[in-house]
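No hydrogens, no waters, no symmetry mates; every other heavy atom, side chains included, goes into these values. Residue numbering restarts at 1 for every chain, and letters A, B, ... go by the order of the sequence lines.
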Protein chains: 2
Amino acid sequence: MSSLAEVARHAGVSKATASRALSGAAHVSDATRARVAASAAELGFVASTSAASLVTGRTRNVGVVTPFISRWFFGEVIEGIEEALIDAGYDLSLFRVQEDPDLRQRVFDYFLVRKRVDAVITVCVALSPEEIRALAALGKPVVGIGGGIAGMSSLRIDDVAASRLATEHLLSLGHQRILHVGGDQEERMDFHVHAQRLAGFRQAMATAGHRPGDDFAAATEFTIAGGFATGLRVLGNPATRPSAIVAASDEVAIGVILAARQLGIQVPRDLSVVGIDDHDLAEMFGLTTVRQVPRAQGRDAVGMIMASIDAREITSHDLQLPLTLRVRSSTSAPQPD
Amino acid sequence: MSSLAEVARHAGVSKATASRALSGAAHVSDATRARVAASAAELGFVASTSAASLVTGRTRNVGVVTPFISRWFFGEVIEGIEEALIDAGYDLSLFRVQEDPDLRQRVFDYFLVRKRVDAVITVCVALSPEEIRALAALGKPVVGIGGGIAGMSSLRIDDVAASRLATEHLLSLGHQRILHVGGDQEERMDFHVHAQRLAGFRQAMATAGHRPGDDFAAATEFTIAGGFATGLRVLGNPATRPSAIVAASDEVAIGVILAARQLGIQVPRDLSVVGIDDHDLAEMFGLTTVRQVPRAQGRDAVGMIMASIDAREITSHDLQLPLTLRVRSSTSAPQPD
DNA sequence: GTTGAGACTGGAACCGGTTCCGCACTGCGG
DNA sequence: CCGCAGTGCGGAACCGGTTCCAGTCTCAAC
């Protein structure tokens, strides 16, 4: 309610001095600063961000663009971002974009442009060339989580390596007939992640001397329900049943495990399953998985943003996060038959 | 980049006229309006929200306060809110608050105050008296989803009735030994929802002539993992095993079903389970549940907010949403023994 | 004793829109 | 023919901060 002018009057100083005192700038005596701070506290003064950003051009607000909110990976990332931003005194504007081109255009050409955000974090959004151009034209720091953006900072695990690691684990246990359940070959708009995990699987198989045909990769929606449906489909026929499955995400892996149980297939005795993520539920299902920590990725992305803002320069780092395999009880050597 | 002044100059009119033309105000000739619009389009003009809100006091931004992001109910609500806000040309600032009192105070006394939001939507946040006072002091529309706030608008299902409905379904099937898995009796900070669902269970049981002792309600975390752990605990002993369980949410119910499977208990033959929510996964687990549509609740909350903003008055409606029981395959009459 | 550097402070311009007010002009009723 | 309402438009004030610039004062150095 109260304005800086009132605080200044109450403290017996000018608006200029009051502003300097509150913002921590130099050239204000300790006595004055204390008096202004006391007045501000007494009057319950909170600076209007509109006024401040009008003149400084900085809004203390970061835009987050994501295709999903409730899926585990995305939710965790967003929570990590939110925590870190709040700590830094920033708030977060959330924009959800999926395939709808009209909506995407509105977000990129209108919402992100109206001088409301200091920076943008994209979470697993594959951007069209025009969208990349629009982001670059903002002249503001941009960090992509989980999907690199040409020419901008990114933060991610090496998806190819993660999938390779998961596959190698199964190979080292002696599995021969391994199926990948995840994205399909054609690179979908939103997710090169999917294509890369498939590629990692193929690399590992090829290195081990396998020649997987198309039937060794099954496409699925990236949810528990998707993994379940696909699992029922690919595990239904005992003749063609794989001895192990690499799921492109833990949610898919959990769906597959549930499908196996439904079909009376024992995990890991009859079927080994490995995922990627280390989802909250992985422990409960005893799921062997490649661990990543999306919440930390969110925090780190904010760190990169803040460094860039403080340095007043738009840098472009490419950060790859470490991977670890967590072996639980969903994988074992194949049953000798 | 380009300012209103430049657009005005380019169109050969004054700033005042340009502003009126673009905002759709009256007293501008059609010809002038078209010329200004053309200039604005040509220069790629997008009004600075900071400048606009500095003078109008309106920001076209709504704050959303929620304890969780990735749990199903919350994620769905947030997605619904986001869609509706984007449609209305608003964006959404997300604030996550849980128990940490320092963080809560920062959000309520600082972030929400700095003239950055036109309205606030709370999602299942039980507010302290000071927090309610802080929200009221904003003088802005506030809508609470899933948890009523004294004196402010709210939008929710009748949690007591929902739980009663679920319980009556089991009673009507002939179950005698019914256990509630959900919140505990003491009203937790964040969730009167939990207490109300427990109360609904008790009402139904009492009406049916039962006298449930404390052992007929088990407390749990409201997640699949929580339901699983609690399920293992309460189903472990065949002597005390209930014939049916009312879970306070579908996530809990799914956890209970998984625990039952693990223990070799057949659902619904040996155990009926009913939930509340109609979660995405309910179909897959054949879960009988009381349906609510959180995404629609999010959209409706935005509708209430917009109506209040348009009317320039802070009204206080209390909207209760309809409930429907969806019977699937997780419930049946108890096995005669 | 004068000078100059540096710390403090106030006045005023400024960010980029919105809106009040006044003026010119048109058209209609009396 | 005059008065008056109503439309279309421009000038200028204004929202509430930040920051440039200039002025005062202190104090050490010459």
Participant: Please enumerate all residues that pass side-chain contact (heavy atoms from CB on, under 4.5 Å) together with A:His317, with sequence neighbours excluded.
Facilitator: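 Once residues adjacent in sequence are excluded, the partners of A:His317 under the side-chain contact (heavy atoms from CB on, under 4.5 Å) criterion are A:Ser153, A:Met304, A:Thr315.
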Participant: For residues 82-94 of chain A, which residue pairs qualify under salt bridge (charged side-chain N to carboxylate O under 4.0 Å, His left out), counting only residues two or more places apart or in two chains?
Facilitator: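 Every salt bridge (charged side-chain N to carboxylate O under 4.0 Å, His left out) pair that includes a residue of residues 82-94 of chain A, provided the two are not neighbours, is A:Glu83-A:Arg295, A:Glu83-A:Arg299, A:Glu83-B:Arg96, A:Asp87-A:Arg299, A:Asp91-B:Arg114, A:Asp91-B:Arg116.
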Participant: Taking the side chain as every heavy atom from C-beta outward, state whether B:Ile309 and B:Tyr90 have any pair of such atoms under 4.5 Å apart.
Facilitator: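 They are in contact (side-chain heavy atoms under 4.5 Å apart), so the answer is yes.
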Participant: Are the side chain of B:Gln320 and the backbone N or O of B:Ile157 linked by a donor-acceptor pair below 3.5 Å?
Facilitator: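 No, B:Gln320 side chain to B:Ile157 backbone: no donor-acceptor pair under 3.5 Å.
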Participant: Angle between the two end axes of the helix from C:dG1-D:dC30 to C:dG30-D:dC1, five base pairs per end, rounded to 10 degrees?
Facilitator: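 For the helix from C:dG1-D:dC30 to C:dG30-D:dC1, the axes at opposite ends meet at about 50°.
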Participant: Within the 4.0 Å limit for protein heavy atoms, which parts of nucleotides 4-14 of chain C are touched? Write it as a string from 5' to 3', B for base, S for sugar-phosphate only, - for none.
Facilitator: ---SSBBB---
Participant: A:Arg114 has an atom CZ; how far is it from atom C1' of C:dG16, in whole Å?
Facilitator: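 Rounded to the whole Å, the gap is 15 Å.
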Participant: Filter on salt bridge (charged side-chain N to carboxylate O under 4.0 Å, His left out), then keep only pairs touching residues 11-39 of chain A, sequence neighbours left out; what's left?
Facilitator: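 Listed once each, the pairs would be none.
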Participant: Quick one: pull up CD1 in B:Ile78 and OG in B:Ser70 and give me the separation to the nearest 0.5 Å.
Facilitator: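 Reported to 0.5 Å precision, the distance equals 9.0 Å.
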Participant: For a quick test of reading the model: is some side-chain N or O of A:Ser19 closer than 4.0 Å to OP1 or OP2 of D:dT18?
Facilitator: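 True: A:Ser19 side-chain N/O within range (under 4.0 Å) of D:dT18 OP1/OP2.
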Participant: Both conditions, 6.0 Å and 45 degrees, for the charged tip of B:Arg71 above the ring of B:Phe68: are they met here?
Facilitator: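 Yes, a cation-pi geometry holds between B:Arg71 and B:Phe68.
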Participant: Once ring pair (Phe, Tyr, Trp, His ring centres under 6.0 Å) is applied, do any residues pair with A:Phe222, and if so which ones, sequence neighbours excluded?
Facilitator: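 Checked A:Phe222 against ring pair (Phe, Tyr, Trp, His ring centres under 6.0 Å); matches are A:His194.
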Participant: Rounding to an integer number of Å, can you tell me how far A:Leu43 CG sits from D:dG17 P?
Facilitator: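 Spelled out: CG on A:Leu43 to P on D:dG17 is 12 Å.
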Participant: Round to a whole Å and report the spacing from CG of A:Leu54 to P of D:dG16.
Facilitator: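 Computing the A:Leu54:CG to D:dG16:P distance gives 12 Å.
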Participant: Specify the separation, in whole Å, of atom CG of B:Leu22 and atom P of C:dT19.
Facilitator: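 My rounded result for the distance is 13 Å.
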